[in-house]
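Down below is the structure, laid out as structure tokens.
Sequence positions, counted from 1, serve as the residue numbers for this chain. Remember, it's a predicted structure, so these values are computed and weren't measured experimentally.
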Amino acid sequence: MPVTGPDFISLQTRDVGASQAFYERYLGLVRSQAGPPHAVVFETSPIAFALRDVTPGTDLASVSQPGIGAAIWMHATDAQAIHDALAADGHTIVSAPADGPFGRTFTFADPDGYHVTLHDRA
């Protein structure tokens, strides 16, 4: 039987609580009641998104950008408003908002340095 596609995305984070607060505050994500004690799973669809403790043997401090080479894109109903809130609070904007085939799009760095792109066209 073939693989049908991505089903779960999880980012390792140095401080799950701080990252959870960031994603709830700026992206409006809501924590699901499901999930193991070492992780926070959010109520996202169609693919589950989670933050988890760093796994043994992983040193996020030893890399300039965690997740380099991976592209994490999320749909937002108002990418510009999220950009404006992040920028106003001094968070790193990796690429400024621009209009393109996926609507208004921009990329920010989360508290651990993961680059996340938001777009507003479904």
- request: Return the minimal non-hydrogen interatomic distance between G67 and Y114, and the atom names on each side.
  value: N-CE2, 3.9 Å
- prompt: Should the pair F42 and Y23 be assigned to parallel (<30°), tilted (30 to 60°) or perpendicular (>60°) ring geometry?
  reply: tilted
message: So, taking the atom named NE2 in H91 and the one named CZ in F22, what distance separates them when rounded to the nearest 0.5 Å?
response: 5.5 Å
statement: Residues passing the ring-ring contact (aromatic ring centres under 6.0 Å, His included) test with H115, sequence neighbours excluded, are none
- prompt: NE2 of H75 to CZ of R121: how many Å apart, nearest 0.5 Å?
  reply: 10.0 Å
- prompt: What's in the same ILVMFWY side-chain cluster as I68, cut-off under 4.5 Å, chained through other members?
  reply: none
- request: Using salt bridge (Lys or Arg N to Asp or Glu O under 4.0 Å) as the criterion, list what pairs up with R25, not counting sequence neighbours.
  value: D89
- request: Would you name the heavy atoms of G35 and V41 that are closest together and state the gap between them?
  value: CA-CG2, 3.9 Å
Atom pair CG/NE2 of L51 and H38 - distance to nearest 0.5 Å: 11.5 Å
statement: Applying salt bridge (Lys or Arg N to Asp or Glu O under 4.0 Å) to D112 and not counting sequence neighbours gives R14
- request: Quick one: closest heavy-atom pair of F106 and A96, and the distance?
  value: CB-C, 3.9 Å
Distance-minimising heavy-atom pair for R52 and A39: CB-CB, 3.8 Å
task: Kindly compute the distance separating CG (L118) from OG1 (T107), expressed to the nearest 0.5 Å.
output: 8.0 Å
- request: Please examine the side chains of I9 and T44, heavy atoms only from C-beta on, and report whether any two atoms are closer than 4.5 Å.
  value: no
- line: Smallest heavy-atom separation, T13 atom then S19 atom, equals OG1-OG, 2.7 Å
field: For E24, all residues meeting side chain to side chain donor-acceptor pair (under 3.5 Å), sequence neighbours excluded
entry: Q20
field: Within one Ile-Leu-Val-Met-Phe-Trp-Tyr cluster: V116 and I47, side-chain cutoff 4.5 Å
entry: yes
- prompt: Does F102 sit in a hydrophobic cluster with other residues, and if so which ones, taking ILVMFWY side chains as linked at heavy-atom separations under 4.5 Å, directly or through other members?
  reply: W73
field: Which atom of A79 lies closest to which atom of D120, heavy atoms considered
entry: N-CB, 4.0 Å
- prompt: Looking at OG1 of T55 and CD of Q12, how far apart are the two atoms once the value is rounded to the nearest 0.5 Å?
  reply: 3.5 Å
message: Closer than 3.5 angstrom, by distance alone: can the side chain of T105 be matched with the main-chain N or O of G103 as a donor-acceptor pair?
response: yes
- prompt: Would you find more than 12 non-hydrogen atoms of other residues, nucleotides or ligands less than 6.0 Å from D59 atom CG?
  reply: yes
task: Calculate, to the nearest 0.5 Å, the distance between atoms CZ and OG belonging to F108 and S95 respectively.
output: 10.5 Å
